Amino acid sequence: HLTPPPPDHTCQFAIKKGVITSGFDLYRFDVHGKTAHGSQPQNGNDAILALSQLIVLLQQIVSRNTDPLKTAILSVGTISGGSRVHLTRHRWRLLQIYDNETAKVIRDHTFAIAKGVETLSGCKVDVQALTGYACVENDDKLIDLISETLTEELGENSVVWLDEPA
């Protein structure tokens with residue numbers, strides 16, 4: 001990555017060994033319930049309640065199933081109800097990760113949770129996983145070579161070492 005120039009207008013390059021950018025995956029959940037009169041809830045399956053449980057359970061994947069030293073971010077993007085009272089659909093969730101192994105843990109738990117909510121609620125839970133892109137991990141030896149070359153060609157101040165991924 002190229003960083004904005006300092007006041008003396010020299011060019012600087014921000015570099016880092018290891019993971020430099022996050023990867024991401026997208027998940028879509030369609031939750032289908034069964035309509036029942038408010039006075040007879042036992043005759044239906046509440047898709048809104050099932051989706052609410054799904055959201056809570058998915059949010060705890062990061063806090064309880066992944067290494068706390070490995071960054072993972074789960075974001076609920078949108079929630080919308082269908083045109084009928086028994087249908088909730090088009091819920092997207094973004095997963096942003098800095099570790100490809102963590103992505104697999106989250107993916108496995110996502111499907112298990114969806115299956116569990118489906119079993120307990122009686123609603124049909126469809127999950128569509130869209131694999132985005134993996135984390136970009138720089139080769140340490142190549143980064144050393146780049147640092148050495150930039151320093152030789154542009155001077156000591158041309159390289160800025162990043163502590164965290166961009």
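Just the heavy atoms: all of them, side chains too, but no hydrogens, waters or symmetry mates, feed the values below. This is a predicted model, so every value here is computed, not measured.
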Exercise. Assess whether side chain to side chain contact (heavy atoms under 4.5 Å, CB included) is satisfied between Tyr27 and Thr110, documenting all intermediate values.
Key: CA-CA 9 Å; Tyr27 294 87; Thr110 294; 3.9 Å; yes

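Val125 and Leu57 fall within a single hydrophobic cluster, where Ile, Leu, Val, Met, Phe, Trp and Tyr side chains are chained together by heavy-atom contacts under 4.5 Å. No single ILVMFWY cluster, assembled from side-chain heavy atoms under 4.5 Å apart, contains both Val56 and Leu58.
Exactly one residue among Leu51, Val127, Asp126 makes a side chain to side chain contact (heavy atoms under 4.5 Å, CB included) with Asp30. That residue is Asp126.
Counting only residues at least two apart or on different chains, the salt bridge (Lys or Arg N to Asp or Glu O under 4.0 Å) pairs with a member in residues 138-162 are Lys17-Asp144. Among residues at least two apart or in separate chains, there is no side chain to side chain donor-acceptor pair (under 3.5 Å) pair with a member in residues 111-120. Sorted by first and then second residue, the ring-ring contact (aromatic ring centres under 6.0 Å, His included) pairs involving residues 134-154 (not counting sequence neighbours) form an empty list. Within the structure, ring-ring contact (aromatic ring centres under 6.0 Å, His included) pairs that include any residue of residues 125-159 comprise Phe24-Tyr133 (at least two apart or interchain).
For the pair Ile143 and Lys16, the tightest heavy-atom approach, listed with the atom from each and the gap, is CG1-O, 3.7 Å. What you find for Gln12 and Asn157 is that their closest heavy atoms are NE2-O, 3.0 Å. Of all heavy-atom pairs between Ala47 and Gly33, the closest is CB-N, 3.7 Å. Heavy atoms only, all atoms of each residue included: Gly132 and Asp25 are closest at N-OD1, 3.0 Å. Of all heavy-atom pairs between Ser158 and Leu150, the closest is OG-O, 3.1 Å. Counting all heavy atoms, side chain and backbone alike, Val31 lies closest to Cys123 at CG1-CB, 4.0 Å.
Side-chain contact between Ile146 and Phe13 is absent, with no heavy atoms from C-beta onward closer than 4.5 Å. Ser147 places a side-chain heavy atom less than 4.5 Å from the side chain of Ile15. Inter-residue side-chain proximity for Val76 and Gln59 is flagged as met; some heavy-atom pair is nearer than 4.5 Å. With a 4.5 Å cut-off on side-chain heavy atoms, Ile20 and Leu162 count as touching. Ser75 has its side chain within reach of Ile73: a pair of non-hydrogen atoms, C-beta onward, lies under 4.5 Å apart. Residues Asn65 and Ile106 are not in side-chain contact: their nearest non-hydrogen atoms beyond the backbone lie 4.5 Å or more apart. Between Ile61 and Leu74, the closest side-chain pair of non-hydrogen atoms falls below 4.5 Å. Contact of the Ile55 side chain with the Phe29 side chain is not registered, since no non-hydrogen atoms from C-beta on lie closer than 4.5 Å.
Asp67 pairs by the salt bridge (charged side-chain N to carboxylate O under 4.0 Å, His left out) definition with nothing, not counting sequence neighbours. Scanning for side-chain contact (heavy atoms from CB on, under 4.5 Å) contacts around Glu101 gives Lys70, Asp99, with sequence neighbours left out.
With values rounded to the nearest 0.5 angstrom, Ile79 atom CD1 is found 9.5 Å from Leu54 atom CG. Taking CD of Gln60 as the reference point, atom NE2 of His109 lies at 9.5 Å (rounded to 0.5 Å). We find the CD-CG distance between Gln128 and Leu26 to be 9.5 Å, quoted to the nearest 0.5 Å.
Side-chain atoms of Asn100 do not come within 3.5 Å of backbone N or O of Ala134 as any donor-acceptor pair.
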